[in-house]
Amino acid sequence: MPGKIADYFRRLSIPREVEDSLALRLSVWAAVVLSIMALATQAAINRGLAFACILLLSLGSYTSWRRRHKRNTVIKIFIAVFTLAALASFLRQVYLQPYDPRLPLAELFLWVQVLHSYDLPRRRDLMLVLISSLILLSLAASFALSAGFVWLFLLWLTAALSSMYFAQASRLLGLSATPVRGAPPPPSWKRLPVLLLVLLVMITSGGLAIGAVLPRPAFNVLRTLPFSLRRAFSPSSGFKFNNPGYPRLPVRPPENPLEVNPEAYFGFSTFLDLRSRGQMVDLPVMKVRSTAPAYWGGMYFQTYSGDSWLAAEEEPALLHAIEQPFYIEYGPGSPHLGGHEVVQTYYLESEQPNVIFSAYRPRLIYFPSDYLYQDSSGLKSPYNLSEGTIYSAVSDLIVPGEMNLSLNIEADEETFAPYLELPHLPQRVLDLSAGIKADLPGPYQRALAIEDYLKSNYTYSLDVDPLPPGQDAVDDFLFEQHRGYCEHFASAFAVLCRLQGIPSRVVTGYATGDYNPFSGLYEVSLDDAHAWVEIYLRGVGWLTMDPTPGFSIPQPSQGSGSLWILGDLLRWMGTRLAALFPPSLLSALKGVFHAMASAFVAAGRGIAYAIRRLPWLPFALALVLSLSMLYVLSRRKRRCVSPEGILDPAVAAMGNFLAVLASLGIERHPSQTVEEYAHRLSSLVPGLDIQLELGLFERVRYGREALRLEEAISINTGLKAALEKINISIKGHPG
Amino acid sequence: MSRRSFAVIALSLALVLIGINSQAGCLFWLASMLLAALSVSWLLSLFQVRGLTFERRHKQEIGEDQLLELTLSIQNRSRIPRSLLEVLDGDPSRPGEKKPRLKPPRKTIREQWHDPSAAVKPPPEEAGGQAAFLLENMPGRTKIDLMYKRGSLRRGVFNDWPGFFYSEGILGLTRHSSRVSPASRLVVFPSYASLKSFPFIDSLLHPHHTPHGVSAKGAGMDYYGVREFRAGDALRHVHWRTTARRGELVVREFETEVGVPLLILIDTQPRTESQGTCDALDSAARLAASIARYAHYAGHPVALASYKGDSLDVLQIPSFRGALQWLATVEMDARIGPEEQVEGLGRQIRPGSFFCHILPAVRFDHARAAAALPPQSHTALVFIDLASHAANGSQISSSAGGSAQIVADLQRAPFPGLFSLSLYRKGDDLRECLEKSLITFAGSRFRER
C-alpha cells in the first residue's frame, strides 16, 4: 500500500501539458520584469530590491525552462516553504502598519512571482504569472502620481499582448491536427510587430474611449487613508509658524512692503501683506487626489488693518491622536451644514510651510504625526511639510445650490464681532458699500450682489502699481487702480461684506489646480496660490465665495467628481493642445468658438422665448414631424409591398429568378435596370426572351397593378422556362 | 464569451472598485484598457470568421473501413489577413452538428492515471470527430488547400455535413464561429468479409437439391455457341478460328448461369431496449454485404430486402456495387416485427430458393414466420447480439445469455426449412461468424405442406 501511494505521488508530480514555446516564456518574463520596474519607479519598493528580484526572476525563468519536463520536487518544496515565509512577513507587516496594506501586498506578490518563476512547466502557470504581473502593475498604478506611468503601462501591454498571442497560438496548435498537405506557413516574426502595433493602437484608442465614459462615482469606502511615515515630535517646544520661502518672516507686517519671493507664496504667514507686489513661478507644489474639486485652504485671516490681513493672535490648541485619524472639533458657535463629503490625499512635491491644506471644513485628518495645532487661522503642522509628505483629509463641503440660502437671518454680531471689525475707511468706500443693493433682504443675496459688482467692474491683473504709503489698500483698489489680483479682490469683498454686516474672513491657499484625467490627481503649482473669502451665514456656517474675475468656487458635481471623465479628458487635451498653438491663432479660434456658442445660445433663447409665447408650438412641430415621417415610411413600404401587405408573387418570382442567376455567376449589377439585365442575358443566351415576363413584372413593381391569375401563372412559368434555357446553356442540363 | 473573458471583466470590475476606493485614476485606465482588449478581441474574433469560403473535395463513395482523403479549400476573400483561425471539418455521420468542438473530451483524473495509452489515441478526425486545423497566418485574397484523411466512417449516405470557422481572436478572450455547409455527398459502403465458403449455400448446392435455372444466352462462363459480330461486342469474345474460317468476324456466345435465388432480409425495426441498435444495423449491413458478395460471385441471383416504415423495399442486385449502395442507405425505420416482415415478403421468396434473415437476437414468433415461407425454401438465421452492441460494456455479459438462450431454444425446436443459425457479437470476426455457423442442421428439412 505505501508503495502504491508513493507511486501515486510520483505520477502526480510528473508535469503534464508542458509548454515548450520559448517566445511565450520570454514575453511573460518581460511582462513581469516591467511590472517590477513599474513598482520600483513608483517607489513602492526600493530599487535595490527590484534589481535583485529581476535577477532572481531571470534565473528562475531560465531554470524553469531547462527543467520544464522534470518533476522538480525539491524546488516545489522550497517554493512552498519560502512562500509561507513571504506570507508570514506580509501578515506581520499588515499587523504593524494596518493603515495601508498596499506596500506589504506588493512585496508579497513580488516574492510569490520570483519564487513561482522557478517552476513554470505549463501554459496555465505562465498565464497565472501574467495575471500576477497585472496585479503588481495595478498596485504600481495605485501609487502612480503622474501620467508618465502610461508609458510603462504601454510597454507592459505590449509584453502582455505578445504573451497572450503566443499562448493562444500554442494552445490552438495543441488542439489542432496537422494537415497532410497544405499547411500554411506560421506567422513570421516580421509580421508580429505590425500585428502588435495594430492591436496596441486599437486597444489604446478603445481604452481611452471606454475610460472616458467609465463611471467614477466619487465615494470612498476606505476609511484608512494614506499618509507617510510618522515623524517624531515633542510638543514641549511649542508652536512656531514657519514658511521656508520667507525664513525671517516677522509675526506682524513690517513697515516696508514684504519683498516677494517668486518661489514661495507670501500669503502663508501670520499676515497677508496687501502692499506686496510680485508674481509666482510655475513650480509644482503638490498633487491632490480628491473625490471632488475644491479650494485647498491653508490660512484664515481675521483682522483687516488697512494694508494687511492679520491672523488672530491666540495660542493654538494642541491636538493629540494616539491612533489616526485626528478628529477635528469646532466650537459650539460654529455650525456647519456641509453635507458633501470630500476625501482628499495630498502628495507634496516641494517643501511647504507648516500649514495643513484642506478643503473647508476638515473633519478628519490622517497626518504623519501624533500632534497637530489648531486655531482660528487653521490647522498647523508641528513641522514644515517636506517634499514627499503624504497626508489625507475628509472635509464636509457646503454646496450653495443644495440648500436654501435665501434666509433672512443675520449673523450673531456679538459672537462674530472680530469678523465684522474694520479700521477707519474712507467715506467713498462706505458710500460704495451702501450703494451695492444694500436693500436686499438676506446676507447671502447681498454677498452675491457684491461679488457680482466686483467681478463686473474690476479687472484681474498682476501688474498693479505699488500702494502709496498710508493709503487704504481696499480704497486704492476700488477707486484708484480699478484692477488687482486675488488678494485685492478678496480684501475688497471681505471689507464690503463687513460693511453690510456680514461676517467675513480672507483665506489663502491653493486653487484646485489642473486635473490630470490619467492619474486622477489635481496637479497644483505655485501659481495656483490664491486668496478668497469665507462669509458666515447664521445657521449655515462659513461659506466659501470667490470675487476674483475668472475664478469660481468649484462645485462637487464638476470635474472628476462627476460620473464621467469625458469632460475632464477633453479639457485636459484642450489645455495640452492649446499650448501647441500661437496665442494669436488661439484667440482667433476662441473668438470663432465664442461666436458659435453665442449663436447657439441666442438660438436656444429664441426657441425658449417662442415656446414661452406659443406653448403649442413644440406640439405642432412634433405633429408635423411625425406626420412627415409616417408619410415617408408609408411611401417606402408601398414601394415594395402589395396593397394586401404581402410580397407580390410576380415580384417574388423575379427575385428568385435573379437570385438563382446570381448563384450561377450572372449577377445583376446594382446600377443595372432589370431591362438592361435582360438584354445582357439575351446576349449570353441566344434565343432567350423574357420581355413578356419583364413587362408583367414592371406593371406590378412600378405600376402597382395587380396581376390576373393567368398572368401570374404566365410570369412564373415563363421565368422557369428561361431559367432552364440558361441552365442548359451554361451547365448543359436544365439544372 | 469564454471563461477567460469573464475573468477579464471581473478583474476590470475589481480595478474599478479599487480605483473608486483609492481615487487612483490610473486604475480606471487600467480597467478601461482591459475592457478595450476584451472588446477588440471580440471584434477581431467576429471578423476572423467572416468573409471566408469553404469548399470540400473528396471521393463520392468509400468503404467504412477505408480512409477518406478530403481536401478543404479555404479562401480569404478580403484583403485583411487572418491569424490563428481554426478550420474545422465536421464528421459526415453527424450532419446536424451546430457547434465546433475544438476541445477533446476532458479526461478524468482516473483516466489520466490508469490509462497511459490515452496519449496515443487516434486524432479526432480518424476516431470519428471534427478535424481541426490551425491557420496561423492566412494572407488576404489567398486560397489554401488543406488535405487530410478521415477514418471511422459510418455506413450511410451523407450530404452537406457542416464545416466551421472558429476563432478566439488573437488574444483568446472571446470566441466566434461560423457554420458552413459546403455541397458534399458521400456514400459510405458497409465493410464486408470475403467469404471462402458459406455453409448455408455450399451444402445445399447438392445436385438433387438444386433447382435448375433456365439456360439463356448471357454473360456466364459456359460457352454456348457462336454468332456474327455485332456492334458493341467485346473484341475478346471474338472467336478467331471461326472468323478465319468464315472470313467474317464471329464472336462466342455464353450461357447465362442461373443459380438458386437468395433473398436477404434485414430487420430494420428499432429496438428500444438497447442503445446499440444503430451499431447492430451496421453489423447487419456488413453481414448482408458479405453474404451477398459470396452469393453473387457464386452465380446466385441475390435480392436484398428491408422495410421502410410499412413498405417493403426489395433490390435485385445488378452488381455487388449496387448492393453496397443499397446497403449504405438502409436505415432503422421499419414499423413491423420480424414475423410480420417475413409474412410481408409474400411471393418475393420463390419456392426452393434461399432465404437469409438477418435480425437482432430477440424473441419472435418463429412458427408464424416459418408458415409464411414458401415450401422447399431454405432459411438461414443470422442473429445480431444487441447487448454487445450497446455502449455499456457491463451489459454484454448480462445480456449475452439472452441471445444464447434464443439460439439454444431454436436448436432444440427448429422450424421446418431452417438450415443454419449464426450469432454475431460486436467485435467478432465476420468471416468466422458466417463461415462457421453456430448450428448447421444436418440435411434440409423442407417444409411439407
Side-chain angles (χ1 to χ4, degrees), chain A residues 11 16 131 134 137-138 141-142 144 149-150 153 157 161 164-165 167-169 171-173 175-188 191 195 199 202-211 214 216-222 289-291 343 345 516-521 560 565, chain B residues 4 7 11 14-37 39-41 43-44 69 71-72 81 83-84 86-87 102-104 112-113 123-125 131-139 142 144-149 168-173:
Chain A
R11 287 179 143 193
R16 287 184 172 76
I131 292 172
L134 174 65
L137 193 82
S138 307
S142 75
F149 181 77
V150 170
F153 170 71
L157 191 64
L161 289 176
M164 290 171 85
Y165 173 80
Q168 181 66 358
R171 176 175 163 270
L172 291 176
L173 265 176
L175 291 172
S176 308
T178 309
V180 176
R181 179 169 56 78
S188 65
R191 231 189 112 231
L195 190 70
L199 270 178
M202 286 175 81
I203 291 173
T204 312
S205 44
L208 285 173
I210 293 172
L214 198 71
R216 301 180 181 203
F219 63 85
N220 200 304
V221 289
L222 193 77
R289 178 162 283 148
S290 173
T291 53
V343 183
T345 301
N516 185 332
F518 291 101
S519 61
L521 294 162
S560 67
I565 204 74
Chain B
R4 268 171 282 177
L11 214 54
L15 287 177
V16 167
L17 284 176
I18 298 168
I20 288 170
N21 208 343
S22 61
Q23 288 296 307
C26 285
L27 289 181
F28 287 103
W29 292 109
L30 211 57
S32 309
M33 293 295 167
L34 285 182
L35 290 174
S39 315
V40 167
S41 181
L43 281 175
L44 284 180
E69 279 190 8
T71 304
L72 309 178
S83 293
L84 304 185
E86 281 285 343
V87 177
L102 190 61
K103 276 189 177 179
Q112 287 183 8
W113 224 244
E125 67 271 15
F133 304 101
L134 176 65
L135 302 186
E136 281 189 75
N137 172 34
M138 187 176 192
T142 50
I144 289 172
D145 282 351
L146 300 167
M147 203 186 85
Y148 78 102
K149 289 179 180 172
E168 293 185 355
I170 296 170
L171 306 176
L173 297 176

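Numbered from 1 within each chain, the chains take letters A, B, ... in sequence-line order.
- For chain B, the nearby parts of A:T204 are the backbone and the side chain; heavy atoms of each come within less than 4.5 Å.
- Every residue two or more places apart in sequence or in another chain that forms a side chain to side chain contact (heavy atoms under 4.5 Å, CB included) with A:S138 is listed here: A:L134, B:L15, B:L27, B:L30.
- For B:L43, no part lies near chain A; criterion is any non-hydrogen pair under 4.5 Å.
- Heavy atoms closer than 4.5 Å to chain A are found in both the backbone and the side chain of B:A37.
- Atoms CG and CG, from B:L134 and B:L146 in turn, are 10.5 Å apart once rounded to the nearest 0.5 Å.
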Could you give me the CA-CA distance, side-chain angles and deciding distance for B:W29 and A:V150, then say whether side-chain contact (heavy atoms from CB on, under 4.5 Å) is met? CA-CA 9 Å; B:W29 292 109; A:V150 170; over 6 Å; no
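- Rounding to the nearest 0.5 Å places CD1 of A:I203 at 5.5 Å from CG of B:L171.
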Problem - Worked check of side-chain contact (heavy atoms from CB on, under 4.5 Å) between A:M164 and B:L173 - result: CA-CA 9 Å; A:M164 290 171 85; B:L173 297 176; 3.5 Å; yes
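- For B:L44, the part sitting under 4.5 Å from any heavy atom of chain A is the side chain, from C-beta outward, and nothing else.
- In this structure, the portions of B:E168 lying under 4.5 Å from any heavy atom of chain A include both its backbone and its side chain.
- Among the candidates A:S142, A:S205, A:A167, the residue making the largest number of heavy-atom pairs closer than 4.5 Å to chain B is A:S142.
- Taking B:L35 as the reference, A:I210, A:L214, B:S12 meet the side chain to side chain contact (heavy atoms under 4.5 Å, CB included) condition, with sequence neighbours excluded.
- B:L72 does not touch chain A: none of its heavy atoms, backbone or side chain, sits under 4.5 Å away.
- Of the two parts of A:L199, only the side chain, counted from C-beta on, holds a non-hydrogen atom closer than 4.5 Å to a non-hydrogen atom of chain B.
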